[in-house]
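Remarks on the structure that follows.
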Amino acid sequence: MLTPPRTVVRRDGGLYALERALQRRGFRHVAGADEAGRGACAGPLVAAAVVLPEGRRGEIDELADSKLLTAAARERVYAEVVARALAYAVVVVPADEVDARGLHVCNLAAMRRALALLTTRPEYVLTDGFGVDGLDVPGLAVWKGDRVAACVAAASVLAKVTRDRIMVELDARFPEYGFAEHKGYVTAEHGAALREHGPCPEHRFSYVNVAAVSGRADSPPRARRPNPAGGHRPMERSGRSGGTVGVALGEQPRPPAPVGEDVVMEGGVR
């Protein structure tokens, strides 16, 4: 497997410096992958992968880590990424799948799946935080990659906007929880709603705060969900520039910290 020769990328080189350095070394199609929803105790986990074009066409105004953008700015950047990307893919893992397989396994599988769905085959992969195994191309795990590499930032925006839209839709089905406001993350308001109403099928029963109010805290994490929600059937649709948006059942690192089963995420990033 090819690996690029040693390359020095200046810290002040900007969001596109890492990709441009790889492209100068012959890796024209650099994919970035990221996820949204790891820290939420309700709703799906969403992973995305993006290949931006070389040169000025791949430079998108306002592009940044999705967590640093306002909701309106994320929507603008989302539209630009979809319009300009050589390829993009989004994978959605429902809450019952996270419970059944475990958060970390689903996170890896979904990111891997998003990369596999890209219609432009990447020659190099950049991921946020740590690497994804099982790829047949070289890759690099980049600390805070969504603030360092444009393609990872683009993937973070696609994942975040997709997930936020899903949570707004879920809010219409389950208005008592306030999903449109906190997007399924652990907040005081969400906790109060959980205690008052108990969990709904879109909650992650493998999380201790959900298990505690469900009365199933004494069960093993992956056996806590009382009735399977049925999951979502895989769906794909074509996008511009050869992109594919895939909404799939189970397939996408951060260090394997205890962030899913038996741990309450304090706050989380919205």
Side-chain angles (χ1 to χ4, degrees), residues 15-16 18-20 22-23 27-38 44-69 71 73-93 106-129 132 135-137 139-140 142 145-166 232 234-252:
L15 196 59
Y16 297 88
L18 183 52
E19 282 162 88
R20 298 294 183 255
L22 287 166
Q23 288 161 353
F27 296 91
R28 291 186 58 201
H29 298 146
V30 180
D34 201 5
E35 50 70 29
R38 276 181 60 95
L45 177 71
V46 179
V50 177
V51 178
L52 294 173
E54 299 176 78
R56 294 189 62 83
R57 179 167 176 74
E59 297 180 4
I60 298 172
D61 290 343
E62 298 186 278
L63 179 61
D65 172 10
S66 62
K67 297 182 290 296
L68 303 179
L69 299 173
R74 282 196 296 268
E75 289 286 349
R76 292 192 295 270
V77 173
Y78 178 98
E80 285 294 306
V81 171
V82 168
R84 296 187 185 208
L86 293 178
Y88 62 93
V90 178
V91 170
V92 177
V93 184
C106 286
N107 192 33
L108 289 171
M111 198 174 295
R112 192 180 300 115
R113 173 68 170 159
L115 289 163
L117 282 170
L118 292 171
T119 54
T120 297
R121 184 177 182 274
E123 298 167 357
Y124 203 91
V125 171
L126 299 173
T127 53
D128 181 27
V132 178
L135 305 178
D136 60 354
V137 295
L140 179 67
V142 183
D146 45 11
R147 303 187 185 190
V148 175
C151 57
V152 179
S156 78
V157 170
L158 293 196
K160 173 65 174 169
V161 170
T162 299
R163 189 178 186 281
D164 283 359
R165 291 174 178 177
I166 291 171
H232 302 291
M235 178 186 74
E236 297 179 12
R237 68 179 185 271
S238 296
R240 277 192 65 181
S241 304
T244 299
V245 176
V247 180
L249 186 72
E251 304 237 63
Q252 165 179 23

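Hydrogens, waters and symmetry mates play no part in the numbers below; they use all other heavy atoms, side chains included.
Of all non-hydrogen atoms in Leu86 and Leu52, the two that sit nearest each other are CD1-O, 4.1 Å. Between Ala149 and Leu126, the closest heavy-atom pair is CB-CD1, 3.8 Å. When all heavy atoms of Arg38 and Leu45 are compared, the pair lying nearest together is N-CD1, 3.7 Å. Heavy-atom minimum distance, Leu118 versus Val50: CD2-N, 4.4 Å. A pairwise comparison of heavy atoms in Leu15 and Ala153 identifies CD2-CB, 4.3 Å as the closest pair. A pairwise comparison of heavy atoms in Ala89 and Ala114 identifies CB-O, 3.4 Å as the closest pair.
Using a cutoff of 4.0 Å between basic side-chain nitrogens and carboxylate oxygens, Asp146 and Lys67 are scored as salt-bridged.
The closest donor-acceptor contact from the side chain of Glu62 to the backbone of Arg76 lies at 3.5 Å or more, if one exists at all. One N or O on the side chain of Ser156 and one on the backbone of Ser66 form a donor-acceptor pair closer than 3.5 Å.
Tested against Asp65, the residues Arg147, Lys160, Arg74 include a single salt bridge (Lys or Arg N to Asp or Glu O under 4.0 Å) partner, Arg147.
For Glu80, the salt bridge (charged side-chain N to carboxylate O under 4.0 Å, His left out) criterion is met by Arg84, not counting sequence neighbours.
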For Glu75 and Arg165, run side chain to side chain contact (heavy atoms under 4.5 Å, CB included): C-alpha distance rounded to whole Å, both residues' side-chain angles, the deciding distance at 0.1 Å, then the answer.
CA-CA 10 Å; Glu75 289 286 349; Arg165 291 174 178 177; 2.7 Å; yes
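Crowding of Arg28 atom CZ: a count of heavy atoms from other residues, nucleotides or ligands under 6.0 Å not exceeding 12.
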